[in-house]
Each structure stands twice: as structure tokens, then as C-alpha cells.
Amino acid sequence: MNTEFLFADRQLSLIRYPQKHQHVSLQAWDSADELIIEYIENLQSESTVAITQNSPLVIYNDDFGTLGCWFSHLKPLWISDSYIATRSLKENLAGNALLDNASDHASFEPVTVLTSVQPLPLNSNQTPSVVVIKVPRALALLAQQLIDLQPYLTPQTRVIAAGKVKSITKSVLALFEKYIGETTTSLAKKKSRLIFSTPRQDKKQHTSPYPTRWECKGTSGVALTLDNLANVFSRQSLDIGARIMLEHMTVSSNDVVVDLGCGNGVLGVNALAIAPDCKVIFVDESYMALESARLNVLNNFPDKIGQCEFVASNCLENLIAREPRPKVTKVLCNPPFHQQNAITDHIAWQMFNDARELLMKSGHLVVVGNRHLDYHIKLKKLFGGAKVLASDKKFVILGTAKR
Ligand code: SAM
């Protein structure tokens, strides 16, 4: 992996977390980061904006912490929906000696880190002077973030977004026009471009369309109500893979279940419907997914919330690292099969490896996937085999036990 970020006579060493699983061709920054840095450095050198504690810099969706590191001396507020992005920021701040207090493991100071489900910690005297947004893949997440920002903006706030030219679509610009104000773009440079949006004086506070809510039938026939925050997988309706899983899932009351890559938590909530005494650990790398899963346990089985845990993690690493480890007997998994626009199976591979590591002896991993993904080959390598528990024309559910 190329880790040396050299820009405007300054050098940072930047990784993508987890470093050991990255392809050599990947790096932690892109040309959109460079455009943002160049633009804000210019604003600073012309003294056009004053970034202070009462008029801070706010950064959204920094992929691997490049912007957080570069601007750390400005003490920015840094917001992300991704545990992996947040871990990358931490590693990169530490790796470049940018942390104020390296001895405190929980602290990111001088950067203030917030998840996408936390409100901005600003009082009525504080207004962001500059807001930087890396345009995310999910437009719903962008819409939610712009709605969240509205109350804190004044016409003097500089709202600057950036992304690859192909990701800056008419729909993206329409969201900025709708929620912020007049919006223009820069010329493209190295396949990226900037968006400039000027907050309206007469702002109307919009209400968010998220979470979206729908119902589906669980294994026992019971109706489950599912809320979905903006960045949740299959936000509008039940995923087809999850549907087959619901039709065929089995769980018993003494199971400790992990819903791995839980999204809105549909599989774990269904486990509670089948076996009301089981314990469920919901795991995802998206904070909106975990918050949706929490809402959905409360929506459907509020008295079971004490049997549930919601853990932000890259695959299962944070459960594996726990002392003592939870005694997990079943892992349910509908793995992610793409990252950005590329089809990839490396996260599924990591998830299966981690499940094998975490499961108790004779514990089960149950996986649903599109047939063409050939998960049975991976499971055979890791577990020595896998049984087809159910299938249809497109999907297959595979079950395997740890020997
Ligand atoms: N379980 C839900 C369902 O069946 O509808 C969601 C499945 S969705 C195909 C995969 C989930 O994995 C997404 O919610 C995504 O955020 C999560 N995910 C992706 N990469 C991850 C990682 N490295 N660690 C943990 N979860 C991850």
C-alpha cells in the first residue's frame, strides 16, 4: 500500500485500517482530499475565514482520516458513520504523532470524533465557519447529514463538498440546493471536483424522511417492524437474501447469537422472535446500522433489550479481542459483497475466518449468499465443509459447524 502522502511540502504517513488486509495498489487518500486541502489552505492563507473554537471546522465522511490528520491543528469536529474510517483516523493520528495525549486510548484529541448518530456538540454561540463533506455513496446519508447541519449554518458558513466527478451527479447537487442553498461546482481536476453551497438566509428546517419503516414476517409468522436509518443496507425493503434466511432460521433459547453485519438487525430480531431467551450480539461497522438494530429490538421486543448488545467492529475483531470472549454458539451472516462499486469477497472471507475463531466448539456459522459468490468453497477451506440448508434459483443458505 502506498502510505506516503506528500502534498504542498508536507508529508503524512497514512494507512487504511486494517492495514494488513489492503491491496498494494490502495491508498488512504484520493484526489478529492487533495482538492479540499488545497482549497482550505488557500482560504486560510488569504485569511478569508477564521477557524476558532466558536466557529469550528466540521468534517464529514473522511474515508481514512486524511482530512482529520491534515487539519488536526485546527481542532476539527469529525463525523463518520464508519467504524473502519474512525479506526483509520486513530491509527493515522497516532502514526504521525498528532494525538495530544497518546496515553489515553479513547481520546482522539485534538480531533473531536462523533458518530453519525450523535448530535453536533455546538451551543447557540457556535457556528461552523467551514463544513467539509466527502460525498458518500448513499445519497440518503448525504441528505440526512445536510438536514442535521441546517440548524447550525449561517450564510457566512462555507459548505464545501468533494468527490469523484462521476459521483457528483445532478441528484447530489439537488440535495445541496434543497437543504443548503445556491450551489456551484469547480472544474474537474484529477477526476474530482468541489461543490460550493451557500446557506440560505431564510432557512426552512426540513424534517428527515429517515428512519424509513416497513414490516416483514419472521420465521414464526410474527410481524416484525423494522426502522432503517439513512445509511442502512436495504433501507427500503427486506433484502432477498435476508428473506430466505428468515424462512429457514433456527435458534434455541440457550444460543448466544451474533448477527454479523447486522444492518437493521432483522436476523437478530428474528432470533429473539424464535427463541425469546437467546442472547444476541449485533455487530456492524456502520453506526447507523447498529442504532437501527437497537431501535428494532425496542420496536419489537422491548423487554429483551437487556439480552442484546450492539458492537461496532471490523468483522468480529472487537469480540475476539475481549477478555473473556463471549461464548458464541451461532453466527448468522448475510455478508457484504461490494465495497464502493467493486464486487469483493474479502470482507466475507474475513467474517468467516473471524466466526471460526470466535465460535465455541460445535457452534454454527450460517451464511446466506448469491449462488455465484461460491461461499461453500471458502467454508470448505476453513471449516472442512458446509451443508446446503436451503436454496432457491438465486440464493443459497449454507451451514457449517466448528469442530
Ligand atoms: N444483516 C442485514 C440483512 O441481512 O439485511 C444486512 C446485511 S448487508 C448484506 C451486510 C452488512 O455488513 C452491512 O450492514 C454493512 O454495513 C456490514 N459490513 C460491511 N463491512 C463490514 C465490516 N468490515 N465489519 C462489520 N460489518 C460490515
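Each residue takes its place number in the sequence, starting with 1. For ligands, and for the atoms within them, numbers begin at 1 and follow the listed sequence.
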Task: Between Asn61 and Gln145: side-chain donor-acceptor atoms closer than 3.5 Å - done: yes
Open item on the list: Tell me the protein heavy atom at minimum distance from atom 26 (N) of ligand 1, and give that distance in Å.
Closed with: Glu285 N, 3.3 Å
Task: Worked check of ring pair (Phe, Tyr, Trp, His ring centres under 6.0 Å) between Trp78 and Phe108 - done: CA-CA 10 Å; Trp78 189 96; Phe108 289 78; 7.3 Å; no
Open item on the list: Just by distance, no angles: are the side chains of Glu38 and Asn42 close enough, under 3.5 Å, to form a donor-acceptor pair?
Closed with: no
- [ ] Distance to 0.1 Å, residue and atom name: give those for the protein heavy atom nearest to atom 15 (C) of ligand 1.
- [x] Asp284 OD1, 3.5 Å
Open item on the list: Let me confirm one number: the CZ-CD distance from Arg200 to Glu182, rounded to the nearest 0.5 Å.
Closed with: 10.0 Å
Open item on the list: Among all the protein's non-hydrogen atoms, which is closest to atom 19 (C) of ligand 1, and how far away is it?
Closed with: Pro336 CG, 3.4 Å
Open item on the list: Rounded to the nearest 0.5 Å, what separates atom CD1 in Ile79 from atom CG in Asp148?
Closed with: 9.0 Å
Open item on the list: Between Asp227 and Asn264, do the side chains contain a donor N or O and an acceptor N or O under 3.5 Å apart?
Closed with: no
Open item on the list: Under 4.0 Å, counting heavy atoms only: does Val232 come that close to any atom of ligand 1?
Closed with: no
Task: Ser313 near ligand 1 by a heavy-atom separation under 4.0 Å - done: yes
Open item on the list: Ring-plane angle category for Phe310 and Phe282, please: parallel below 30°, perpendicular beyond 60°, tilted otherwise.
Closed with: parallel
- [ ] May I ask you to check whether Asn264 has an N/O atom sitting below 3.5 Å from an N/O atom of ligand 1?
- [x] no
Task: Residue, atom name and distance, where the atom is the protein heavy atom closest to atom 2 (C) of ligand 1 - done: Cys262 O, 3.3 Å
- [ ] Provide, to 0.1 Å, the distance between atom 24 (N) of ligand 1 and the closest protein heavy atom, together with that atom's residue and name.
- [x] Cys315 N, 2.7 Å
- [ ] Have a look at ligand 1 and work out which part of Pro335, if any, has a heavy atom under 4.0 Å from it: side chain, backbone, both or neither.
- [x] backbone
Task: Protein contact to atom 12 (O) of ligand 1 [nearest heavy atom, distance to 0.1 Å] - done: Gly261 CA, 3.4 Å
- [ ] Scan side-chain atoms only and decide if Ser13 and Glu4 contain a donor-acceptor pair under the 3.5 Å cut-off.
- [x] yes
Open item on the list: Could you check whether Lys378 pairs with Asp345 (Lys NZ or Arg NE/NH1/NH2 to Asp/Glu carboxylate O, under 4.0 Å)?
Closed with: yes
Open item on the list: If you measure every N or O of Ala289 against every N or O of ligand 1, does any of those distances drop under 3.5 Å?
Closed with: no
TODO: Say whether Asn228 and Ser292, considering side chains only, have a donor N or O and an acceptor N or O under 3.5 Å apart.
DONE: no
- [ ] Mark the output for Val283 as yes if a heavy-atom distance to ligand 1 is under 4.0 Å, and as no if none is.
- [x] no
- [ ] Using a strict cut-off of 4.0 Å, indicate which atoms of ligand 1 neighbour a heavy atom of Ile84.
- [x] 23 (N)
Open item on the list: Side chain, backbone, both or neither: which applies to Met245 and ligand 1 if a contact is any heavy-atom pair less than 4.0 Å apart?
Closed with: neither
TODO: Answer with side chain, backbone, both or neither: which part of Asn314 has a heavy atom less than 4.0 angstrom from an atom of ligand 1?
DONE: both
Open item on the list: If you count every heavy atom of other residues, nucleotides or ligands that lies below 6.0 Å from Leu187 atom CG, does the total exceed 12?
Closed with: no
Open item on the list: Is it the case that the ring center of Tyr39 lies less than 6.0 angstrom away from the ring center of Phe196?
Closed with: yes
TODO: Find all atoms of ligand 1 within a distance of less than 4.0 Å from any non-hydrogen atom belonging to Ala242, and give their numbers and elements.
DONE: 4 (O), 5 (O)
Open item on the list: Please classify the Ser234 to ligand 1 contact at 4.0 Å (heavy-atom distances, strictly less than): side chain, backbone, both or neither.
Closed with: neither
Task: Closest protein heavy atom (residue, atom, distance) for atom 27 (C) of ligand 1 - done: Met351 CE, 3.6 Å
Task: Within-cut-off N or O pair, Asn334 and ligand 1, under 3.5 Å - done: yes
